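Side chains are part of it too, since the values below use all heavy atoms of this structure and drop only hydrogens, waters and symmetry mates. Sequence positions, counted from 1, serve as the residue numbers for this chain. From a predicted model like this one, the values you see are computed outputs, not experimental measurements.
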Amino acid sequence: MASPYNPERVDRGSKEKDREDEHNDRSVDEELSITTVKVGYLMKHSRQKDFAKRGTFPDGVTPNGLLFQRLSFEKPLLPQLEDVDIILHKATDEIISVDLRDSTESSNAITYTKGMQELKRYMEQHVECCVIDPLDKIYPVVDRLKIQQILNGLEDLPKGRCCSIRGPNFLKVDDFNDPEMDQRLSAAKLSFPSIVKPQVACGVADAHSMAIVFKSEDFKNLSVPLPAVAQASMDILAAFVVLKSLPTSTDSLHGGESSRATSDHFDIDLVTDAAYWLTRKLHLTVFGFDVVVQEGSNDHVIVDVNYLPSFKEVPDDIAIPAFWDALREKFESMKI
């Protein structure tokens, strides 16, 4: 025979369950608040100062339980690494050279400083350690040609409310005096003005040298290191990605009325979709990319991808907590 319905009993049981759930939630929060995760960071001194000035690496524990600790190649590295839970590095600060002829398209194509090589060996021998990010994931952002090829895959994303997001039309250039330059530019659907950059995107002295060309004759005798990558030149907006968080800013627009018009057509949902897509493709925790909005079509074009950028275009109260959360989420995901 079924027990008689007792609303008081049901209500009392419901309240007890609510109290139990609340207690469990509180226990989880308390556990997170007392579990401190040490983050050892390695990057050049000037970059450390920039991050520290903004409060990215506070002296005390962050609200989500991170404690930052500066690592140094000037001291024995092993004891320092054994004392941290997360290794955060800016490996591109430690590049000596990049061999674009390496067919493996991996970190083996990059020659690092002695200190970074020691860190690389440690990470290879301790695959269980939380590294942000593994060196083999860094390579695509070092090679402009490789990243452009990856960006071609953006064409598979659904279109936004009025436009699409894609990689730029581009052309690899091995010889600025190529007699067939006009035909190659036409085949690549490149229009003018175009910007020409070295294929090596970062880490070496001349990686950021560039030139703007207004006609095919301007390619002749350029001083930009070869091989190079040419792509259309447009106004730039910046986006900063930290795993599942996406602080963005359009404050870095340059110019006058045309730039303000560009900002009006900026589709944040479309950029967010691209950020998630790139996160899955690149397997990077923290990266940034530059977006241009093409006049006329309003297409959003991602022209550059950077590893661990300064995110200076994003307000501190948005960027820094998102950065901390990304590090913590990465660490927790590796424990599962």
Side-chain angles (χ1 to χ4, degrees), residues 18-44 47-72 80-91 93 119 122-123 126-135 137-138 238-249 268 271-272 275-276 278-280 282-289 306-336:
D18 287 344
R19 281 197 296 270
E20 182 180 345
D21 290 343
E22 184 180 348
H23 173 75
N24 290 339
D25 290 343
R26 193 162 55 244
S27 297
V28 171
D29 290 339
E30 289 171 355
E31 181 181 349
L32 282 176
S33 67
I34 61 172
T35 303
T36 300
V37 175
K38 288 186 178 181
V39 182
Y41 60 92
L42 267 167
M43 55 189 69
K44 64 183 180 182
R47 199 179 307 278
Q48 288 179 16
K49 284 184 62 178
D50 289 342
F51 274 91
K53 192 182 299 182
R54 299 183 63 185
T56 311
F57 302 143
D59 292 332
V61 180
T62 66
N64 68 335
L66 300 182
L67 181 62
F68 288 91
Q69 184 172 314
R70 185 172 69 88
L71 306 179
S72 174
Q80 298 178 73
L81 296 175
E82 290 176 338
D83 191 41
V84 299
D85 304 298
I86 299 175
I87 300 171
L88 173 67
H89 65 82
K90 179 74 171 176
D93 286 346
L119 177 58
Y122 177 86
M123 293 188 295
H126 298 79
V127 293
E128 76 287 351
C129 68
C130 181
V131 180
I132 300 178
D133 278 298
L135 295 183
K137 306 303 181 186
I138 304 297
F240 165 62
V241 182
V242 283
L243 203 59
K244 295 181 181 177
S245 306
L246 177 66
T248 60
S249 171
I268 186 62
V271 173
T272 302
Y276 285 130
L278 278 169
T279 299
R280 293 191 297 270
L282 299 175
H283 302 287
L284 292 175
T285 308
V286 185
F287 63 93
F289 55 86
N306 308 293
Y307 172 66
L308 192 58
S310 65
F311 51 87
K312 60 186 176 183
E313 295 89 356
V314 186
D316 290 355
D317 60 342
I318 296 175
I320 294 174
F323 175 69
W324 292 341
D325 286 344
L327 301 188
R328 183 86 201 201
E329 287 175 21
K330 177 71 172 181
F331 176 76
E332 297 297 338
S333 69
M334 291 192 66
K335 293 166 58 179
I336 298 175

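Without hydrogens or angle criteria, K330 side chain to C130 main chain gives no donor-acceptor distance under 3.5 Å. The backbone N or O of Y307 sits less than 3.5 Å from a side-chain atom of K90, completing a donor-acceptor pair. With hydrogens and angles ignored, the 3.5 Å screen pairs no side-chain donor or acceptor of Y41 with any backbone N or O of F57. In this structure, W324 contributes its side chain and T56 its backbone to a donor-acceptor pair below 3.5 Å. Using modelled atom types, no side-chain atom of Q69 and backbone atom of K38 make a donor-acceptor pair closer than 3.5 Å. Side-chain atoms of R54 do not come within 3.5 Å of backbone N or O of I320 as any donor-acceptor pair.
Closest approach of L327 to I86, counting heavy atoms only: O-CD1, 3.7 Å. Between P321 and I318, the closest heavy-atom pair is CD-O, 3.6 Å. The heavy-atom pair separating P58 from G55 by the smallest distance is CD-O, 3.6 Å. Residues M43 and F51 come closest through the heavy atom pair SD-CD1, 3.9 Å.
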ask   = Stepwise, does the side chain to side chain contact (heavy atoms under 4.5 Å, CB included) test hold for V131 with K137?
value = CA-CA 11 Å; V131 180; K137 306 303 181 186; over 6 Å; no
query = When you look at F323 and L88, which way does the side chain to side chain contact (heavy atoms under 4.5 Å, CB included) test go after all the steps?
reply = CA-CA 12 Å; F323 175 69; L88 173 67; 3.8 Å; yes
request  = In sequence, state the C-alpha distance, the side-chain angles, and the governing distance for L308 and T285, and then conclude on side chain to side chain contact (heavy atoms under 4.5 Å, CB included).
outcome  = CA-CA 8 Å; L308 192 58; T285 308; over 6 Å; no
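The closest side-chain heavy-atom distance from I132 to F331 is not below 4.5 Å. Side chains of L81 and L119 form a contact here, defined as non-hydrogen atoms less than 4.5 Å apart. Residues D133 and H283 have side chains not in contact (no heavy-atom distance under 4.5 Å, counting atoms from C-beta outward). Residues H89 and L71 have side chains not in contact (no heavy-atom distance under 4.5 Å, counting atoms from C-beta outward). With a 4.5 Å cut-off on side-chain heavy atoms, D50 and S310 do not count as touching.
From I87, atom CD1 reaches atom CD of Q80 across 10.5 Å, with rounding to the nearest 0.5 Å. Between atom OG1 of residue T35 and atom CG of residue L66 there is a gap of 11.5 Å, rounded to the nearest 0.5 Å. Remark: F287 CZ to L278 CG distance equals 5.0 Å, nearest 0.5 Å.
Under a cut-off of 6.0 angstrom, the local environment of CG in D59 is sparse, with at most 12 non-hydrogen atoms contributed by other residues, nucleotides or ligands.
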